[in-house]
Amino acid sequence: MSFPENFVWGAAAASYQIEGNTGEGTGVTSIWDEFCRQPDIIFDKSSGAVACDHFHRYADDVQLMVALGLKAYRLSFSWARIMPDGENVSEPGMAFYDKLIDELLAGHITPYVTLYHWDMPHALQLKGGYLNREIVRYFEKYVEAVAKRFSQRVKHWVTVNEPINYICCGYWTGSHAPGWKLPIRDVLHGWHHALLCHGAAVKILRRYGDAGTQIGAAITGWGYIPADENNSADIEAARRKNFECEKFRSIAGWADPMIFGAYPDSWYKFWGKDTPKVDPADMKMIAQKLDYFGTNIYFAHTCRATGDGRMELVNPPINTPRSAANWPITPAAMRWLPTFYFERYKLPVIILENGICDAEFPDREGRVHDACRVNHMHLYLGELRKAIESGVDIRGYFHWSLLDNFEWIEGYTRRFGLIHVDHKTQKRTPKDSAQVYREIIRSNGAIVAGESGMAGERGA
Ligand code: BGC
């Protein structure tokens, strides 16, 4: 079977990870520019100041997308570029996205725009960032400006990318910008404010949008799949575990408020007296109608039922391969997680990110044979197709990432691109996987093999 008609085949990237032209001397300073300045934070002591220089090379990059046959491209707008001081629109910032969006449309590529992929203006961090409830008002200003300018041309929106990461890693563990390590009580306030920003953005986008406007968020958490797919108790254990709040790694702690207008009971239970007092009007604001459930899926943990009503994590089976980032390769995540999300939230699902980090580099002919990514793509897409065949409404898939880019605290040491980037010369080289993805898109997924030597490992 092919994928459904009109299935959206895309690739994704984010502003700070590819654009460059940010930081010192540019008039654009985000929290990531500031964070990268701190000693020994970024693995290779780099930053996104130059990144893939997409800011200057966007037109050529769009041509690479056209050559790939992409139907859609998920980009993010940099809040810091558009509103460097958090208050006023920068015309050159807007103009960059004007040109980029026009170029995409000219290439018949549908833009999916993420409003927040982690680059808040530093000026707003100085006012407390997400800890300050005023952040909602600032975000509204930004979204209003963007919606006004782009809503005729952009119909597909992703409000926020992985709030779990910028709130919990940003304010609790300190491993992401702004790098703060605060008591959980404060972090949970930030959590709530981030959700308010999402709700406020949806309201504004709807006001400027029309019947064709599609809005969602990129939600993620830790995913769980059953150890034994033939054991209904294991399946039930995995289903429950996906939506239980435990530490910050919970999808339901974000998706339930956005979709049901309430934090899950397990969220209150886990955090106890540290949870903020929540005004019902806030929950109304957060729970705006969404058109799809957007999610980023890389891998999942394996769990099983213990027989006494509990569940436990088990090691993935022996032979489970791992990526160059040492993440387990668990294709079954691509079937089980969208299935669980669809059952619970009853919204069409779009995979907004999926991909793998490789260690490949150009050979003597200058070619990049990333067999691992090709294999990964066939396996994950094969499982996605099975989910679709079983009745899950999945509308699209975005490969992460278009280009090798700035991988946050790992700097340029982790490569997720379909297109290799030489970070000294900025030379782009489409990898083997880019050719394969092009054929997959061209055949609407008919050539997805689905199985490999790993077939026996499914469920891992
Ligand atoms: C983020 C991307 C990141 C990717 C790979 C996702 O969590 O949205 O920005 O590059 O994972 O680590």
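Remember, it's 1-based here, ligands and their atoms both numbered in the order they're listed.
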Closest non-hydrogen protein atom to atom 6 (C) of ligand 1, residue and atom name please, with distance?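 For atom 6 (C) of ligand 1, the nearest protein heavy atom comes out as Glu353 OE1, 3.0 Å.
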
Starting from atom 7 (O) of ligand 1, what is the nearest protein heavy atom, named by residue and atom, and what distance separates them? Glu162 OE1, 2.6 Å

Would you check whether [X] has a nitrogen or oxygen atom less than 3.5 angstrom from a nitrogen or oxygen atom of ligand 1?
| X | answer |
| --- | --- |
| Trp400 | yes |
| Trp118 | no |
| Trp327 | no |

Would the Phe293 and Phe342 ring centres measure less than 6.0 Å apart?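 When the ring centroids of Phe293 and Phe342 are compared, they turn out to be at least 6.0 Å apart.
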
Could you see which bit of Asn405 sits under 4.0 Å from ligand 1, with heavy atoms only: side chain, backbone, both or neither? neither

Option passing ring-ring contact (aromatic ring centres under 6.0 Å, His included) with His156 (candidates Tyr292, Phe150, Phe398, Tyr112):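 Checked Tyr292, Phe150, Phe398, Tyr112 against His156; only one passes ring-ring contact (aromatic ring centres under 6.0 Å, His included): Tyr112.
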
Report yes if the side chains of Leu131 and Tyr171 come closer than 4.5 Å at any heavy-atom pair, otherwise no.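 Counting from C-beta outward, Leu131 and Tyr171 do come under 4.5 Å.
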
Taking the six-membered ring of Phe243 (Phe, Tyr or Trp), confirm whether the NZ or CZ of Arg344 is under 6.0 Å from its centre and within 45° of its axis. yes

Assess Arg414 for proximity to ligand 1: is some non-hydrogen atom of it under 4.0 Å away? no

Check this for me, if you would: do Asp358 and Arg414 make a salt bridge, where the nitrogen-to-carboxylate-oxygen distance has to be below 4.0 angstrom?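 No, this pair does not count.
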
